Colleague: 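To start, I am sharing the structure in question, which I have written as structure tokens.
We count ligands from 1, going down the list as the structure has it; atoms in each ligand are counted the same way. Keep in mind that what you see is a predicted model, and the values were worked out from it rather than measured.
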Amino acid sequence: MGKSKRILITGAAGFLGSHLCDFYIQKGFNVVAMDNLITGRLENIEHLFPLENFEFYNHDVSKFIHVSGDLDYILHFASPASPIDYLKIPIQTLKVGSLGVHNCLGLAKSKNARVLIASTSEVYGDPEVHPQTEDYWGNVNPVGPRGVYDEAKRFQEAITMAYHNFHGIETRIVRIFNTFGPRMRLNDGRVLPAFIGQALRGEDLTIFGDGSQTRSFCYVDDLMKGIHALLLSDYHLPMNIGNPSEITINDFAKEIIELTGTNPKIVLKELPVNDPKQRRPDITRAKEILGWSPKVSRSEGLKLTYDYFKGMSAEELEKRPHDNFEKYIKH
Ligand code: UDP
């Protein structure tokens, strides 16, 4: 058997980062995990601490990254990723998507490692093309509330392409669409934990706008497989990974009510500024190039996710997302 691959995962204590840690530990990789824990949580990865092939560094990747020894791969997943989080910490969001990715690319160059960066469907903004293909350039408001995240991620793609073209390093860009699963933070403000938290606390479900806006939700295990297939491929242009099964937020609320067996009222709140009206990935490229498509249905994924949230203590359930909410919806 060959030597185990060594992989650096930034944002390792977050929702996606922690699932990546599990995924690569199961594959027998040596995992170097890094996170500064501003939105990530150690609980997500502490089960890995006893393992010999797992190391964790509490480090802000917007500062110079030092890793001793060889690295085969770098996955850059550090970033606040929910609208509430990136409004609360806008400068860190911009820094991790610019200085942070620059450090990762520099490290990749010095280690001769392949780097995959986490981009997002937010690069398409409030899309005028539906479903979104990778060739679409997007409709982003740089100075709107989402600009700090969207533009950081767009810059991240640009610098990644520049390192690929200018320095010839091996790069991969995944555009991740709404993903859900265990370890989402109950208070991150995103629709799924918001609705489940409200249902479990016996509160009203808050729908923003008239609820006709759409999203397409991908279960986290499918995303992991798509990311891995992309990492091992020789494709360096952006790749959408997501589940094209599209649903309105109104219908999604109904699914959560059914799932939780609760009977909440629905209240309509103001639609946040620049909230995309529709979103669905065109995954033709992923199907053709990677042979990947999602396998877990929304209903199956929702059951698995609900099992995670159901197990939470009453104290955890009390965590609400609304720190910076006024700013989020201010026009
Ligand atoms: N949303 C909602 N009620 C909530 C939280 C979110 O209706 O309590 C809406 C939000 O306005 C958006 C959709 O649900 O249209 C998905 O929001 P989320 O923050 O999960 O992700 P994103 O907008 O980044 O896709």
Side-chain angles (χ1 to χ4, degrees), residues 15-16 39 79-88 93 118-127 130-132 138-141 144-153 175-181 184-201 203-220 223 240-257 260 264-281 298 301-302 305 309 319-331:
F15 166 44
L16 297 183
T39 57
S79 178
S82 83
I84 291 205
D85 284 344
Y86 48 75
L87 274 164
K88 196 160 146 193
T93 304
S119 188
T120 165
S121 52
E122 279 286 320
V123 300
Y124 302 121
D126 188 4
H130 193 72
Q132 292 79 55
N139 176 36
V140 169
N141 174 4
R146 290 174 177 254
V148 292
Y149 183 67
D150 300 7
E151 295 296 4
K153 292 289 187 180
R175 289 188 181 151
I176 300 170
F177 283 65
N178 294 66
T179 303
F180 71 101
M184 292 186 93
R185 255 178 35 235
L186 193 70
N187 61 346
D188 84 354
R190 283 191 274 202
V191 67
L192 182 142
F195 284 174
I196 290 189
Q198 289 161 344
L200 290 178
R201 290 190 298 265
E203 295 171 357
D204 301 341
L205 259 53
T206 51
I207 288 187
F208 300 159
D210 64 5
S212 64
Q213 70 272 33
T214 67
R215 294 293 185 271
S216 306
F217 297 97
C218 181
Y219 188 63
V220 64
L223 181 81
N240 288 342
I241 299 286
N243 189 324
S245 163
E246 187 179 3
I247 185 170
T248 65
I249 295 302
N250 280 329
D251 287 343
F252 191 60
K254 286 184 199 140
E255 289 192 355
I256 299 290
I257 292 172
T260 55
K265 272 203 322 231
I266 287 186
V267 292
L268 300 184
K269 300 256 181 192
E270 204 175 343
L271 188 69
V273 185
N274 300 146
D275 196 287
K277 283 180 276 307
Q278 50 183 2
R279 187 184 284 155
R280 170 155 60 104
R298 192 172 53 248
L302 281 177
T305 310
F309 284 113
K319 292 182 186 155
R320 286 174 174 73
H322 292 271
D323 278 301
N324 225 14
F325 228 59
E326 288 308 310
K327 207 162 147 197
Y328 177 44
I329 58 172
K330 207 166 81 194
H331 286 257

Colleague: Using a 4.0 Å cutoff against the non-hydrogen atoms of Arg146, which atoms of ligand 1 qualify?
Modeller: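 In order of numbering, the contacting atoms are 23 (O), 24 (O).
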Colleague: Kindly say whether Asp188 contributes a backbone atom to a donor-acceptor pair with the side chain of Ser82 at under 3.5 angstrom?
Modeller: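 Yes, because the side chain of Ser82 sits within donor-acceptor range (under 3.5 Å) of the backbone of Asp188.
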Colleague: For the pair Phe252 and Phe217, name the ring-plane relationship: parallel under 30°, tilted 30 to 60°, perpendicular over 60°.
Modeller: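 Geometry flag for Phe217 against Phe252: parallel rings.
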Colleague: Using a 4.0 Å cut-off to any heavy atom of Thr206, which atoms of ligand 1 qualify?
Modeller: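 In order of numbering, the contacting atoms are 2 (C), 3 (N), 4 (C), 7 (O), 8 (O).
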Colleague: List ligand 1 atoms under 4.0 Å from Ile249, heavy atoms only on the residue side.
Modeller: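 Under 4.0 Å from Ile249, ligand 1 has these atoms: 7 (O), 13 (C), 14 (O).
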Colleague: Going by the order shown, which atoms of ligand 1 are within less than 4.0 Å of some heavy atom of Asn178?
Modeller: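 This gives 21 (O), 22 (P), 25 (O) as the contact atoms.
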Colleague: Do Ala194 and ligand 1 have an N or O pair less than 3.5 Å apart?
Modeller: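 For ligand 1, there is no N or O atom that lies under 3.5 Å from one belonging to Ala194.
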Colleague: Please say whether Tyr86 places an N or O atom under 3.5 Å from an N or O atom belonging to ligand 1.
Modeller: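 Min N/O separation from ligand 1 is not below 3.5 Å for Tyr86.
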Colleague: Taking 4.0 Å as the limit for heavy-atom contacts, which would you say applies to Lys269 with ligand 1: side chain only, backbone only, both, or neither?
Modeller: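 No part of Lys269 comes within reach of ligand 1.
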Colleague: Is there a polar contact between ligand 1 and Gln198, counting only N or O atoms under 3.5 Å apart?
Modeller: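 By distance alone, the answer is no.
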Colleague: Is there at least one pair of N or O atoms, one from Arg190 and one from ligand 1, spaced under 3.5 Å apart?
Modeller: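 No; the residue has no nitrogen or oxygen that sits under 3.5 Å from a nitrogen or oxygen of the ligand.
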Colleague: For the pair Asp85 and Arg185, evaluate side-chain contact (heavy atoms from CB on, under 4.5 Å) and give the outcome as yes or no after the intermediate values.
Modeller: CA-CA 11 Å; Asp85 284 344; Arg185 255 178 35 235; 3.0 Å; yes
Colleague: For Arg298, does its backbone N or O pair with a side-chain atom of Asn243 as donor and acceptor, under 3.5 Å?
Modeller: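 Not a single qualifying donor-acceptor pair exists.
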Colleague: By number and element, which atoms of ligand 1 are closer than 4.0 Å to a non-hydrogen atom of Ile207?
Modeller: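 Matching atoms, with element in brackets: 7 (O).
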Colleague: Please walk me through it: do Asp210 and Ser212 pass side-chain hydrogen bond (donor to acceptor under 3.5 Å, both in side chains)?
Modeller: CA-CA 6 Å; Asp210 64 5; Ser212 64; 2.7 Å; yes
Colleague: Could you tell me whether the side chain of Lys277 and the main chain of Pro127 form a donor-acceptor pair under 3.5 Å?
Modeller: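 Here the side-chain-to-backbone pair does not exist.
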Colleague: What atoms in ligand 1 come closer than 4.0 Å to a heavy atom of Phe195?
Modeller: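 So the answer, numbered in order with elements, is 3 (N).
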Colleague: What atoms of ligand 1 come closer than 4.0 angstrom to any heavy atom of Asp275?
Modeller: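 Near Asp275, the atoms of ligand 1 are 10 (C), 11 (O), 12 (C), 15 (O).
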Colleague: Are any side-chain N or O atoms of Gln278 and backbone N or O atoms of Glu246, one a donor and one an acceptor, separated by less than 3.5 Å?
Modeller: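 No.
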Colleague: Please confirm whether Pro83 approaches ligand 1 to less than 4.0 Å, judged on its heavy atoms.
Modeller: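 Yes, Pro83 has a heavy atom closer than 4.0 Å to ligand 1.
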Colleague: Counting N and O atoms only, with roles assigned by atom type, does the side chain of Arg175 sit under 3.5 Å from a partner on the main chain of Gly242, one being a donor and the other an acceptor?
Modeller: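 Judged by distance alone, no pair lies under 3.5 Å.
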Colleague: Taking distance alone, with N or O pairs closer than 3.5 Å, would you say Val191 contacts ligand 1?
Modeller: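 Such a contact does occur with ligand 1.
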Colleague: May I ask you to list the atoms of ligand 1 that are less than 4.0 angstrom from any heavy atom of Gly189?
Modeller: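 Listed by number with element, the hits are 5 (C).
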Colleague: Check for a donor-acceptor pair, side chain of Thr214 on one end and backbone N or O of Thr248 on the other, with a separation under 3.5 Å.
Modeller: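 The answer is no, because no donor-acceptor pair under 3.5 Å joins these two groups.
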Colleague: With no hydrogens and no angle check, is any side-chain donor or acceptor of Asp150 less than 3.5 Å from a backbone partner on Asn141?
Modeller: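 Such a contact is absent between Asp150 side chain and Asn141 backbone.
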